[in-house]
Amino acid sequence: MKKKHWSTKLSLMLIALVIVLAGCQPVGSVDVSKVMSNLFTVKSSEGASSVTLELTADPAASITPEEKRAIELLNGFKVEVTEMKQQSPTELSAKGSLAYANVKIPFHLVLSDMIYTIQIEGAKKPIVIGNSAAIGAGSALPTTPELQKQIEQLGQKAVEAMPKFSSFFTSNFPNPKTISAEAANVTVNGEALQLQKLHVELKGSELVGLIKGFLTNVLKDEEGLKQFIAALYDVYAPFLKEMVKAGSANAEGDTDALDSIMPFLENKTLAVEFIYTFLKSNLEQVVANFDQSLNSLPKNEDGKSVQDLLNDNQSLTMDLYVDAENVTRKSTSVLLLTLPDSAKHGLKSIKVTSSGEVWNVNKPVTIDPIDTTGGVVEWMNKSGRLTSSKLVASLDPKSDLYKLLKDELNITKKEVNLTVSSEDSIIPGLTPFNDQGTVMVPARFVAEQLDADVEWDAAKQQVTITDPLSGNVTVLTINSTQASVNGQLQTLEKAAVIVDGSTYIPVRFVAESMNAKVGWTQETQTVGIVRE
């Protein structure tokens, strides 16, 4: 399926959600701004929720059997959380299941100290996401103890600042055209409650007016914008300050650029005033040219794709049931996207239906932990990336989840195409070259495109490539035609070499060591690597 179409529409879907959730004016007896702000001020609660995906295929579309099968599998896909427990803003557990076709896969998720741990049927061990040490290891910047401390605290600070951030948005967004409030009797966790029902409807055609209204209101809200910038400063300045210090300590030669940033990070008033002036100037230009920019959208493919969503075929309907403290206790929503270019990707529409309810709000709640005494699997690789191959490698090949991800959705399928450069136009680390009939490719770039980990040992002049999917560990030594795969020596067509700081190795060897196939297109001088 066309990634461009999917990513554009999903991005705008999120924009629509943010706009609806940010309606600020009181409706009846409901303070909408307070309702939205309270979404981020609840400290603890219990709850349940579900999200269901419905896909309507275009029978006339010309799509591959693989794409057709993906649509069939994802149609009716459901995520259901039966037991949600929030102990604090950064501590939460959820038990539920993923359901598709006739398969149901139970899971247990825990968020604690900004680290996600997932125990899901089919996984060999609990899967961990968000280890701060891995984030530091994946950075190109050397990690000092103080910088590591700031990395660990960054997520916590962002969560704590969310009420301030949300307040800025909710106070400046106008309400959608269709919004109403009325009394309602509903049941939450078996308890009959008298609540206020806030009903919201949003059409794609309203997005332009709402966004323009928001930007116009922000320009008028000097105090609010400065407070928003100040809140951002409090969260990110300590982290950025340590990054600059670490960069200066490890920089070679001129450090004027780094030093010029420090006065702003050391002086909050100076930083806020500078950023405010910059944002105000740019917002004034955006608002002044807003209509003209909108009219120019059809001039390119991406712009037309955006404009295709600005009509009444796209809609979001939401009902929020709030109590006397303006806390949402129950909610339902339906998001419908109609895709105008269905012939290209086989989909006519996407419908997302969700519902949820919470109880024991701001009362003592204890999360359900996951037993990790038997070990865990770090999903994030050594470069700090989440890769599909490492996820699939953590699963039992006989499990339903493995079959869904690997065999049905083919999430580990990789294709790398590189055009061979002439000797005087090589881009080190990115482009391959031809060494007397042997195509040499940049080891790190190609290996990471295939989801492998790459490590460099300067002392031994060796590069180690670890493929999580096959489990193969390949070790190559610079200027040697001998390499090893899982400890077994093999002879290379050409020795590994370093070109302007980047290691190059024969393409066929690196591909076959990761169970991939190599193709060659003579007309375009392009080498292709494909792994299922």
Side-chain angles (χ1 to χ4, degrees), residues 134-143 243-244 246-258 381-385 387 389 414-467 472-485 490-514 516 518-531:
I135 296 173
S139 172
L141 186 67
T143 304
M243 281 192 68
V244 171
S248 296
N250 291 278
E252 296 181 1
D254 187 11
T255 60
D256 289 347
L258 292 175
N381 70 10
K382 293 179 181 179
S383 297
R385 297 183 299 124
T387 67
S389 294
K414 302 292 179 182
E415 295 186 23
V416 183
N417 293 294
L418 300 169
T419 300
V420 174
S421 301
S422 59
E423 205 169 307
D424 58 351
S425 61
I426 296 173
I427 302 175
L430 291 177
T431 58
F433 64 89
N434 194 322
D435 183 2
Q436 297 179 340
T438 299
V439 176
M440 304 291 286
V441 295
R444 180 174 294 277
F445 178 78
V446 171
E448 290 185 347
Q449 289 293 305
L450 296 175
D451 283 352
D453 283 327
V454 182
E455 296 179 90
W456 168 249
D457 188 327
K460 295 181 179 180
Q461 290 286 284
Q462 287 183 336
V463 59
T464 300
I465 300 172
T466 304
D467 176 22
N472 291 342
V473 179
T474 304
V475 180
L476 304 103
T477 304
I478 300 303
N479 296 325
S480 173
T481 56
Q482 293 294 305
S484 70
V485 179
Q490 296 189 19
T491 301
L492 306 179
E493 303 168 74
K494 296 284 184 179
V497 296
I498 294 180
V499 178
D500 291 338
S502 296
T503 301
Y504 276 74
I505 56 180
V507 62
R508 191 166 300 281
F509 177 80
V510 68
E512 292 179 353
S513 69
M514 298 177 66
V518 178
W520 173 256
T521 304
Q522 181 66 30
E523 294 77 12
T524 58
Q525 294 287 290
T526 300
V527 61
I529 305 172
V530 179
R531 186 175 72 171

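As the structure is a prediction and not an experimental result, all values here were calculated from the model. Just so it is clear, the values below take in all heavy atoms, side chains as well, and ignore hydrogens, waters and symmetry mates.
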Trainee: So how far is it from T464 OG1 to E455 CD, rounded to the nearest 0.5 Å?
Mentor: 6.0 Å
Trainee: Roughly how far, to the nearest 0.5 Å, is CD1 of I529 from CE of M514?
Mentor: 9.0 Å
Trainee: I'd like to know whether V507 forms a side chain to side chain contact (heavy atoms under 4.5 Å, CB included) with V446, so could you lay out the CA-CA distance, the side-chain angles of the two residues, the decisive distance to 0.1 Å, and finally the verdict.
Mentor: CA-CA 9 Å; V507 62; V446 171; 6.0 Å; no
Trainee: Write down the atom of F509, the atom of V485, and the distance for their closest heavy-atom approach.
Mentor: CZ-CG2, 3.8 Å
Trainee: Whether the S389 and R531 side chains hold a donor-acceptor pair (N or O, under 3.5 Å, no angle test) is what I'd like checked.
Mentor: yes
Trainee: Go through the side-chain N and O atoms of Q525 and T419 and say whether any donor and acceptor fall under 3.5 Å apart.
Mentor: no
Trainee: Is it true that T491 and Q482 share a donor-acceptor pair across their side chains at a distance under 3.5 Å?
Mentor: yes
Trainee: Checking side chain to side chain contact (heavy atoms under 4.5 Å, CB included) for the pair Y504/D435: CA distance, chi angles, key distance, verdict?
Mentor: CA-CA 11 Å; Y504 276 74; D435 183 2; over 6 Å; no
Trainee: Ignoring hydrogens and angles, tell me if any N or O in the side chain of S513 forms a donor-acceptor pair with the backbone of V510 under 3.5 Å.
Mentor: yes
Trainee: Show the numbers, then the answer: is there a side chain to side chain contact (heavy atoms under 4.5 Å, CB included) between N417 and V527?
Mentor: CA-CA 6 Å; N417 293 294; V527 61; over 6 Å; no
Trainee: Which heavy atom of I478 sits nearest to which heavy atom of W456, and what is that distance?
Mentor: CG1-CH2, 3.7 Å
Trainee: Please tabulate, for the side chains in residues 492-503, all donor-acceptor contacts under 3.5 angstrom to protein atoms that are two or more places apart in sequence or on a different chain.
Mentor:
residue : atom : partner : partner atom : Å
K494    : NZ   : Q436    : OE1          : 3.4
S502    : OG   : G429    : N            : 3.3

Trainee: Do you know the tightest heavy-atom contact between N434 and T438?
Mentor: OD1-N, 3.5 Å
Trainee: Can you tell me how far apart OG1 (T387) and CD (Q449) are? Round to the nearest 0.5 Å.
Mentor: 12.0 Å
Trainee: Report the distance from atom OG1 of T431 to atom CG of L418, rounding to the nearest 0.5 Å.
Mentor: 8.5 Å
Trainee: What closest approach, in Å, do T477 and K460 show between heavy atoms, and which atom pair accounts for it?
Mentor: CG2-O, 4.0 Å
Trainee: When rounded to the nearest 0.5 angstrom, what is the spacing between CZ in R444 and CD1 in I465?
Mentor: 9.0 Å
Trainee: Do you know the tightest heavy-atom contact between V439 and P432?
Mentor: CG1-CB, 4.1 Å
Trainee: Is a side-chain N or O of E448 found less than 3.5 angstrom from the main chain of F445, in a donor-acceptor match?
Mentor: no
